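This report concerns only the one structure given below.
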Amino acid sequence: MFIIRWILGKIILLLNFIFSPKQRQRPVTEQQTIDLQTKNMSLYQYQACPFCVKVRREMRRQSINIEIRDAKIETIKSELEKEGGKVQVPCLKIVENGQTQWMYESKAIIDYLNQRFA
Ligand SMILES: N[C@@H](CCC(=O)N[C@@H](CS)C(=O)NCC(=O)O)C(=O)O
């Protein structure tokens with residue numbers, strides 16, 4: 001089972017690399033404004049998780065730069081579990097106006113990013 005998942009993960013990463021989406025080009029000042037807003041966001045993820053790949057591809061398509069945190073790392077995983085409530089990736093952490101939101105579900109994350117930045 002582990003081997004099959006490992007192979008599938010590698011295939012997903014290879015296909016993602018080959019068919020990498022084209023990055024959106026924005027005027028520099030517009031991109032800087034978005035970068036400032038996404039500075040307080042982090043995406044908790046696994047490199048080869050298909051749901052995480054889906055979110056990362058959308059981020060690339062929309063040129064959204066968000067810090068990536070690998071939940072395979074024990075300290076990051078326990079941070080996600082303790083503060084977010086569960087170990088499920090992808091999860092978008094949004095810190096804004098003194099409040100922290102932990103957004104689970106790839107579709108919810110993509111919809112949120114597109115609504116805000118697309
Ligand atoms: N419906 C969720 C599914 C996410 C999901 O199943 N993620 C898996 C990894 S691919 C997960 O976090 N599993 C828990 C674990 O690995 O501990 C989404 O679309 O984001």
Side-chain angles (χ1 to χ4, degrees):
M1 193 61 189
F2 170 80
I3 295 286
I4 293 170
R5 285 178 66 177
W6 185 84
I7 293 170
L8 281 177
K10 294 292 172 201
I11 292 172
I12 288 168
L13 289 178
L14 180 66
L15 290 176
N16 180 43
F17 177 74
I18 294 170
F19 301 107
S20 187
K22 195 172 175 296
Q23 273 189 298
R24 174 179 174 170
Q25 294 298 320
R26 292 191 179 86
V28 175
T29 51
E30 200 180 306
Q31 186 63 50
Q32 281 173 342
T33 307
I34 290 176
D35 287 346
L36 208 63
Q37 291 177 56
T38 56
K39 227 176 133 191
N40 296 328
M41 295 181 188
S42 323
L43 183 74
Y44 288 71
Q45 59 114 48
Y46 296 152
Q47 195 59 24
C49 154
F51 304 99
C52 304
V53 170
K54 198 170 83 170
V55 173
R56 292 204 309 269
R57 287 176 69 84
E58 193 57 31
M59 282 165 50
R60 182 177 165 83
R61 205 172 279 124
Q62 297 297 340
S63 293
I64 298 169
N65 302 309
I66 294 177
E67 180 206 11
I68 300 287
R69 313 206 83 194
D70 189 347
K72 290 274 182 204
I73 298 168
E74 215 38 62
T75 49
I76 293 175
K77 185 179 180 172
S78 68
E79 186 180 294
L80 176 64
E81 185 170 24
K82 279 196 199 113
E83 295 179 38
K86 59 180 171 180
V87 179
Q88 184 185 297
V89 291
C91 177
L92 183 67
K93 179 184 177 186
I94 309 159
V95 183
E96 240 165 14
N97 306 319
Q99 290 197 319
T100 304
Q101 187 187 349
W102 296 81
M103 186 180 288
Y104 288 93
E105 293 299 324
S106 53
K107 187 182 179 317
I109 296 170
I110 289 172
D111 287 350
Y112 171 80
L113 293 176
N114 280 337
Q115 226 169 17
R116 238 184 116 165
F117 305 116

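When a ligand or atom number is given, it counts from 1 through the structure's own listing order. Predicted, not measured: the structure shown is a model, and the values here were computed from it.
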**Message:** Checking Thr38 now: which residues fulfil side chain to side chain donor-acceptor pair (under 3.5 Å) with it, not counting sequence neighbours?
**Reply:** none
**Request:** Return yes when at least one protein heavy atom is under 4.0 Å from atom 17 (O) of ligand 1, and no when none is.
**Result:** yes
**Request:** Give the atoms of ligand 1, by number and element, whose distance to some non-hydrogen atom of Tyr46 is under 4.0 Å.
**Result:** 15 (C), 16 (O), 17 (O)
**Asked** Counting both backbone and side chain atoms, is some N or O of Phe51 under 3.5 Å from an N or O of ligand 1?
**Response** no
**Message:** Is it the case that the side chains of Gln25 and Gln31 hold a donor-acceptor pair, with the cut-off being a distance below 3.5 Å and no angle test?
**Reply:** no
**Request:** Could you tell me the residue and atom name of the protein heavy atom closest to atom 20 (O) of ligand 1, and the distance to it rounded to 0.1 Å?
**Result:** Ser106 N, 2.9 Å
**Asked** Does Lys107 reach ligand 1, in the sense of a heavy atom lying below 4.0 Å from it?
**Response** no
**For atom 1 (N) of ligand 1, the protein heavy atom that lies nearest, with its residue and separation** = Glu105 OE1, 2.7 Å
**Message:** Could you check whether any side-chain N or O of Arg24 sits under 3.5 Å from a backbone N or O of Ile64, counting only pairs where one atom can act as donor and the other as acceptor?
**Reply:** no
**Interatomic spacing from CG in Leu80 to NZ in Lys77 - rounded to 0.5 Å** = 9.5 Å
**Request:** Starting from atom 7 (N) of ligand 1, locate the nearest protein heavy atom and write down its residue, its atom name and how far away it is, to 0.1 Å.
**Result:** Val89 O, 2.9 Å
**Prompt:** Counting each atom of ligand 1 from 1 as listed, which ones have a heavy atom of Cys49 under 4.0 Å away?
**Reply:** 9 (C), 10 (S)
**Request:** Identify the protein heavy atom lying closest to atom 14 (C) of ligand 1, giving its residue, its atom name and the separation to 0.1 Å.
**Result:** Val87 O, 3.5 Å
**Asked** When you measure from the side chain of Ser20 to the backbone N and O of Phe17, does any donor-acceptor pair fall under 3.5 Å?
**Response** no
**Item:** Contact atoms of ligand 1, heavy-atom distance to Pro90 under 4.0 Å
**Value:** 20 (O)
**Message:** Would the distance check show the side chain of Arg56 and the main-chain N or O of Gln47 forming a donor-acceptor pair, the cut-off being under 3.5 Å?
**Reply:** yes
**Item:** Co-members of Leu13 in a cluster of I, L, V, M, F, W and Y side chains, linked at under 4.5 Å
**Value:** none
